[in-house]
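Both ligands and their constituent atoms are indexed starting at 1 by order of listing.
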Amino acid sequence: MSSADKNLSVFKTEDLPDISNKRFAILVAEWNTEVTEKLFEGAYQTLVAYGAKAENIERGNVPGSFELTLGSQWFAQRDDIDAVIALGVVIQGETKHNDYINHAVSQGITNVSLKTNKPVIFGVLTPNTMEQAVDRAGGIHGNKGDEAAMTAIKMLGLYSQIAQGIAYGKYF
Ligand code: RBF
């Protein structure tokens, strides 16, 4: 299966950590809001489905994807937040701005993640058309929000394993 065909809502779920006491922040960009709301729904429902408590999930809105970086930092630098999920949609076909926005956000979120030593998940769709975005926000290719939430969960699990010295993986 090529990555273009991957269903974003289908993932391996063995060995997931207990996230019942983990606190999550979800940031949602307000551009293309009909799609970003679907991404939010997917991320929120996935966190709850795999054990997060609703009261441990906070949400923040940012005007556009460009602001996801600073919004993520504000959440990630809080001691009680364990992971941040940043959600947005930048349609490549519509504006040359996409190059600047996508690059800035992917780089910015990486920096926040490394600076705060926490998972800060890049849940930004960067399709060529709105149709492709809809296909990946609860459509035929699943939901990028689901995938972003699962990535946060798996990174928390990996961190816990590494911190405990039990990150043996499947080869041992
Ligand atoms: N924000 C998005 O989240 N998705 C977009 O597709 C998007 N396209 C933009 C196109 C242009 C020409 C401009 C100026 C901004 C766009 N933004 C988009 C908003 C951007 O992320 C940011 O909120 C603003 O540039 C203000 O800093």
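The ligand atoms of ligand 1 that sit less than 4.0 angstrom from a heavy atom of Gly64 are 1 (N), 3 (O), 21 (O), 23 (O). Against a heavy-atom cut-off of under 4.0 Å, Asn32 is close to the following atoms of ligand 1: 4 (N), 6 (O).
In this structure, Arg59 is positioned above the aromatic face of Phe40, its NZ or CZ under 6.0 Å from the six-membered ring centre and within 45° of the axis.
Contacts between Ile91 and ligand 1 below 4.0 angstrom, taking non-hydrogen atoms only, involve the backbone exclusively. For Val62, no heavy-atom contact with ligand 1 is shorter than 4.0 Å.
Remark: the backbone N or O of Val89 is paired with a side-chain donor or acceptor of Asn32 at under 3.5 angstrom.
In terms of N/O distances under 3.5 Å, ligand 1 is approached by Val89. Ligand 1 has a nitrogen or oxygen under 3.5 angstrom from a nitrogen or oxygen of Phe66.
Residue Glu55 places its CD atom among more than 12 non-hydrogen atoms of other residues, nucleotides or ligands, all under 6.0 Å distant. The neighbour count for Phe11 CZ, taken as heavy atoms of other residues, nucleotides or ligands under 6.0 Å away, is above 12.
Cluster annotation: Ile26 is not connected to Leu8 through the hydrophobic network of ILVMFWY side chains, with a link wherever side-chain heavy atoms come within less than 4.5 Å.
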